[in-house]
Structures are given as structure tokens and as C-alpha cells.
Amino acid sequence: MRHSNGIRRAALATTAVTALAAAVTGVLPGTAMAASTATPPPACAASALQVSARQAAHPPVGTGTGAAVVQFTNVSKKTCVLKGHPTVAGAGKGSQTTPLKVTATGKASTVTLRPRGKAWVKLTFVQVQGEGDGYCKSGKKPSVFQKMVIGLPRSGKHQVALDDGWWAECDNKVTATPVTSVKPS
């Protein structure tokens with residue numbers, strides 16, 4: 001008799017654990033768990049993004065732009081994603097642009113933007129030296145742009161002006177972080 005009570009208790013315990021697992025996971029014993037049917041959000045369309053830029057709080061030493069923080073705000077009513085490093089070009093007169101050589105830093109990861117959500121990229125330029133017209137350490141002439149064209153993979157290109165001046169840089173080079181959900185300084 002004792003032996004059958006022990007088996008009965010073990011069977012009851014196993015049944016209780018199985019029922020609890022089914023309640024927690026929503027999967028009944030003996031059935032396969034369905035693959036997630038949730039579709040990841042799409043990439044943010046260019047029209048879903050409002051873009052602004054400001055000089056970084058901690059630029060390198062010099063008189064040019066040095067570093068800038070570009071902010072992307074999701075102005076659509078749907079969640080979307082951003083990922084990757086930007087392309088950068090100086091916007092000249094008319095439709096003329098000057099592509100900058102981008103050195104990517106950091107590992108890119110997907111940033112999910114809910115409506116009104118924000119993401120950032122930090123751009124660090126080869127700094128203009130001196131006062132007035134300034135000079136480049138390389139001996140090349142500094143470049144000054146009213147706007148930059150910032151492109152993001154699968155999310156279009158965006159012309160953006162600094163909130164406090166013009167973009168000034170040397171050698172048409174920039175170091176760029178990937179899109180991040182953490183606001184850089």
C-alpha cells in the first residue's frame with residue numbers, strides 16, 4: 001500500500017508541475033510551441049523622421065564644429081527601427097554635395113523608436129585650427145557647409161543645419177557612432 005501511495009503522490013506532483021508549466025507558457029503538454037508571430041517593426045521611413053543637430057558638449061580642441069550630435073525623432077504614429085552608421089556629406093550650393101569619408105566606431109544594434117521616440121548619432125570632425133578663416137593641420141583649406149546630408153541605412157537621407165552656426169571641418173573626414181538610444185554629449 002505504501003508503495004502505491006508514493007507513486008500516486010509522484011504522479012500528482014508531476015501533473016501539478018505540468019499544469020503550472022502549461023499555465024505559464026500557454027503550451028499544453030504534447031503540443032509544439034508555435035513560433036512567434038510578432039513581426040518586427042519596419043525601418044523608419046525618411047518621412048517618419050524629424051532630424052536636428054547641435055554642437056556636442058565635448059568637442060575636440062579647435063575652432064571648427066569639432067563634434068555634433070544629430071537627433072532623429074519618430075514623428076509618425078507607428079513604431080519603427082533604425083540601425084547602422086550614417087553616411088555624411090556637406091551640402092553645397094544647389095544640389096551639390098561633398099561626401100565625407102566616414103570612419104565608423106562602435107557596433108551597430110537595432111534601435112526601436114516608438115512614436116515621439118528619439119535616437120542619436122555623434123559625428124566627430126577633423127577640427128579647424130586657429131581664428132578667423134582658420135586652417136587645417138594637413139595644409140588643406142577648411143570646408144564650411146550650411147547643412148550636412150546625413151543618411152541612415154534603409155531610412156533615407158536628411159539635410160540638417162546646426163542649431164547654432166555652420167558646419168566647419170578639415171580634410172572631408174568624419175568619425176561616426178552608430179545610431180544609439182543613449183543621448184551622447
Side-chain angles (χ1 to χ4, degrees), residues 24-27 33-92 95 97-128 143-185:
V24 169
T25 63
V27 178
M33 186 161 47
S36 174
T37 57
T39 305
C44 297
S47 61
L49 298 172
Q50 180 181 55
V51 184
S52 60
R54 63 174 173 76
Q55 290 199 38
H58 302 288
V61 177
T63 58
T65 304
V69 175
V70 181
Q71 178 177 290
F72 300 89
T73 303
N74 180 0
V75 294
S76 76
K77 294 181 178 166
K78 296 185 179 187
T79 297
C80 59
V81 298
L82 296 174
K83 183 177 182 178
H85 290 85
T87 59
V88 182
S95 60
T97 60
T98 302
L100 276 61
K101 181 180 182 329
V102 177
T103 301
T105 62
K107 183 179 177 191
S109 59
T110 301
V111 176
T112 302
L113 290 182
R114 288 182 166 56
R116 304 304 306 160
K118 297 176 183 356
W120 297 270
V121 166
K122 185 171 183 178
L123 305 174
T124 305
F125 298 90
V126 176
Q127 187 68 306
V128 176
S143 296
V144 179
F145 302 101
Q146 185 176 8
K147 295 182 178 181
M148 285 286 176
V149 179
I150 312 296
L152 288 177
R154 298 178 37 211
S155 295
K157 293 182 178 181
H158 309 271
Q159 272 200 27
V160 62
L162 279 173
D163 65 356
D164 62 350
W166 291 52
W167 303 82
E169 56 84 27
C170 286
D171 305 334
N172 293 336
K173 295 179 183 176
V174 62
T175 301
T177 66
V179 176
T180 179
S181 60
V182 178
K183 186 177 182 179
S185 59

Check whether any side-chain heavy atom of Asn172 lies under 4.5 Å from a side-chain heavy atom of Thr98, and answer yes or no. yes
Of all heavy-atom pairs between Trp167 and Val160, which one has the smallest distance, and what is that distance? NE1-O, 3.3 Å
Take Val174 and Glu169, measure what side-chain contact (heavy atoms from CB on, under 4.5 Å) needs, and give me the verdict at the end. CA-CA 9 Å; Val174 62; Glu169 56 84 27; over 6 Å; no
Least distance between heavy atoms, Pro178 atom then Ala108 atom: CB-CA, 3.7 Å
Do you know which two heavy atoms are closest between Val128 and Ala168, and how far apart they sit? CG2-C, 4.0 Å
Name the residue from Val51, Val149, Leu152 that meets the side-chain contact (heavy atoms from CB on, under 4.5 Å) definition with Lys157. Val149
Using a 4.5 Å cut-off on heavy atoms from C-beta on, say whether the side chain of Thr103 contacts that of Lys173. no
The reported gap from CZ in Arg116 to CD in Gln50 (rounded to nearest 0.5 angstrom) is 6.5 Å
Closest approach of Phe125 to Met148 (non-hydrogen atoms, all atoms of both residues): CE2-CE, 3.9 Å
Sidechain-backbone polar pair: Ser185 side chain, Ala57 backbone, donor-acceptor under 3.5 Å: no
Could you tell me if the side chain of Asp163 sits less than 4.5 Å from the side chain of Ser52, heavy atoms only? no
Kindly list each side-chain donor-acceptor pair under 3.5 angstrom involving residues 66-91, sequence neighbours excluded, with atom names and distances?
{"from": "Gln71", "atom 1": "OE1", "to": "Trp120", "atom 2": "NE1", "distance (Å)": "3.1"}
{"from": "Gln71", "atom 1": "NE2", "to": "Thr73", "atom 2": "OG1", "distance (Å)": "3.4"}
{"from": "Asn74", "atom 1": "OD1", "to": "Ser76", "atom 2": "N", "distance (Å)": "2.9"}
{"from": "Asn74", "atom 1": "OD1", "to": "Ser76", "atom 2": "OG", "distance (Å)": "2.7"}
{"from": "Asn74", "atom 1": "ND2", "to": "Lys78", "atom 2": "O", "distance (Å)": "2.9"}
{"from": "Asn74", "atom 1": "ND2", "to": "Leu113", "atom 2": "O", "distance (Å)": "3.0"}
{"from": "Asn74", "atom 1": "ND2", "to": "Arg114", "atom 2": "O", "distance (Å)": "3.4"}
{"from": "Ser76", "atom 1": "OG", "to": "Lys78", "atom 2": "N", "distance (Å)": "3.2"}
{"from": "Ser76", "atom 1": "OG", "to": "Lys78", "atom 2": "O", "distance (Å)": "3.0"}
{"from": "His85", "atom 1": "NE2", "to": "Thr105", "atom 2": "O", "distance (Å)": "2.8"}
{"from": "His85", "atom 1": "NE2", "to": "Gly106", "atom 2": "O", "distance (Å)": "3.2"}
{"from": "Thr87", "atom 1": "OG1", "to": "Gly151", "atom 2": "N", "distance (Å)": "3.4"}

From Arg54 atom CZ to Asp164 atom CG, the distance as rounded to the nearest 0.5 Å: 9.5 Å
What one should report as the nearest heavy-atom pair of Gln127 and Cys170 is O-SG, 3.7 Å
